[in-house]
Trainee: 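The structure is given below, and queries will be raised subsequently.
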Amino acid sequence: MKTLPKPKYRLPKNHPRYESLITRELIVEGVEKGITSIHGLIAQGRGEAFDYLIGEKTPESALKAEKAAAAAFLLAKKPVISVNGNVAALVPEEIIKLSGLVNAPLEVNLFHRTEERVNKILMHLRELGAKNLCTKSDAQIPALSHERGKVDSDGIFSADIVLVPLEDGDRCKALVDMGKTVIAIDLNPLSRTAQCASITIVDNITRAIPNISKFAQELKISNEEALIKIVKEFDNRKNLAHAIDEIVAHLASRRS
Ligand code: PTJ
């Protein structure tokens, strides 16, 4: 069961934006605990704006991508889940569950990296029961000069599949250039990460991670051939175009 933060102000459960306010509270709490970067507040605001545009529910295109992501994870030889400060604040229990289901270790990889924050996030994940963690930073992603380039040689560096939730940057391209399959979760279908990932999930991470876990549970009994078919039939370009069409259709439906 998810531990929800206790807001310092009164937050009535029947408030029409209760869920959204609780999500904000999780990010604020993350910042106060030193887990989430202060820039994470801005990222959350951007995410919220795009969530409005998709109607604050998982669109069909995202469900398709979430299913393809689950199949890709089940086929992977060495999958890794990358964790940043927003992910650690919003869905820590959910990524630990997914990590167990698809046997993918968690690796903390930060844009605004400080050793103090890396250690706080690791401690936070361990306290919640995470056991499968990649904790070294002994390798470097080629052609990526900023702090996100520091990775674990047994984790992201040698992974065949990497889940990169919530980032808009050049790491995705660098990982794709290394020959990896990159699964991105990003509410902005136009971000650089969304555009260059192998499988892009345009959905809120709070819905996307439980959905991937649900599909992974369902697909666990499928044979390899069936999983390969799901991944092969998934076309990221087409699916991103579908996500944009869904935004346009949602906006049009609100015009009257
Ligand atoms: O913890 P750090 O130092 O690694 O920093 C993490 C953040 C997220 C602050 C950093 O990566 C960053 O600044 O990211 P950006 O450039 O703001 O990009 C974040 C992307 O995630 C944007 O495209 C947002 O639309 C998207 N986003 C934000 N919140 C969510 C989201 N996507 C899915 N679910 C969300 N809740």
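If you read the sequence from its start, that first residue is 1, and numbering goes on from there. Being a predicted model, the structure only gives us computed values, none of them experimental. Only heavy atoms go into these numbers, but all of them, side chains included; no hydrogens, no water, no symmetry mates. Just so you know, ligand 1 is whichever comes first in the structure, and atom 1 is the first atom listed for that ligand.
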Trainee: Tell me, which protein residue and heavy-atom name are nearest atom 6 (C) of ligand 1, and how many Å apart are they?
Mentor: Asn84 ND2, 3.6 Å
Trainee: N/O of Ile185 under 3.5 Å from N/O of ligand 1, yes or no?
Mentor: no
Trainee: Among protein heavy atoms, which lies nearest atom 17 (O) of ligand 1, and at what distance?
Mentor: Arg46 NH1, 2.9 Å
Trainee: Return the OH to OG distance between Tyr52 and Ser20, rounded to the nearest 0.5 Å.
Mentor: 6.5 Å
Trainee: If you count the atoms of ligand 1 from 1 in the order shown, which ones are under 4.0 Å from a heavy atom of Asp168?
Mentor: 16 (O), 18 (O)
Trainee: Within the 3.5 Å criterion, strictly below it, is a donor on Ser61 or Glu246 matched to an acceptor on the partner's side chain?
Mentor: yes
Trainee: Consider every N or O of Ile205 and every N or O of ligand 1, then say whether any pair is closer than 3.5 Å.
Mentor: yes
Trainee: So which bit of Asp203 gets within less than 4.0 Å of ligand 1, heavy atoms only: side chain, backbone, both or neither?
Mentor: backbone
Trainee: Return the closest protein heavy atom for atom 36 (N) of ligand 1 as residue, atom name and distance.
Mentor: Asn204 OD1, 3.0 Å
Trainee: Would you mind checking which non-hydrogen protein atom is closest to atom 4 (O) of ligand 1, with the distance to 0.1 Å?
Mentor: Phe111 N, 2.8 Å
Trainee: Can you tell me the protein heavy atom closest to atom 24 (C) of ligand 1 and the distance?
Mentor: Asp186 OD1, 3.8 Å
Trainee: I'd like to know if the side chain of Ser191 pairs up with that of Asp186 as donor and acceptor (distance under 3.5 Å, no hydrogens or angles considered).
Mentor: yes
Trainee: Should we say atom CD of Glu19 is surrounded by more than 12 heavy atoms from elsewhere, each under 6.0 Å from it?
Mentor: no
Trainee: For atom 11 (O) of ligand 1, what's the nearest protein heavy atom and its distance?
Mentor: Arg148 NH2, 2.6 Å
Trainee: Quick one about Asp170 and His146 (side-chain donor to acceptor, distance below 3.5 Å, no hydrogens or angles considered), yes or no?
Mentor: yes
Trainee: Counting heavy atoms only, which part of Arg113 comes closer than 4.0 Å to ligand 1: side chain, backbone, both or neither?
Mentor: neither
Trainee: Please could you name the atoms of ligand 1 that Gly40 approaches to less than 4.0 Å, counting only its heavy atoms?
Mentor: 9 (C)
Trainee: Check the surroundings of atom CD in Glu60: do more than 12 heavy atoms from other residues, nucleotides or ligands lie under 6.0 Å from it?
Mentor: no
Trainee: Do other residues, nucleotides or ligands put more than 12 heavy atoms under 6.0 Å from Arg24 CZ?
Mentor: no
Trainee: Taking Ser37 for its side chain and His112 for its backbone only, find out whether a donor-acceptor pair lies under 3.5 Å.
Mentor: no
Trainee: Just need the protein heavy atom nearest to atom 1 (O) of ligand 1, so name the residue and atom and give the distance.
Mentor: Gly85 N, 2.8 Å
Trainee: At what distance is the nearest protein heavy atom to atom 13 (O) of ligand 1, and which residue and atom is it?
Mentor: His112 CE1, 4.2 Å
Trainee: For the residue pair Ile54 and His250, what are the closest heavy atoms and their distance?
Mentor: C-CD2, 4.2 Å
Trainee: Taking it one step at a time, do Ile22 and Tyr18 satisfy side chain to side chain contact (heavy atoms under 4.5 Å, CB included)?
Mentor: CA-CA 6 Å; Ile22 285 290; Tyr18 182 77; 3.7 Å; yes
Trainee: Regarding atom 2 (P) of ligand 1: of the candidates Arg171, Arg207, Arg117, which has the closest heavy atom?
Mentor: Arg117
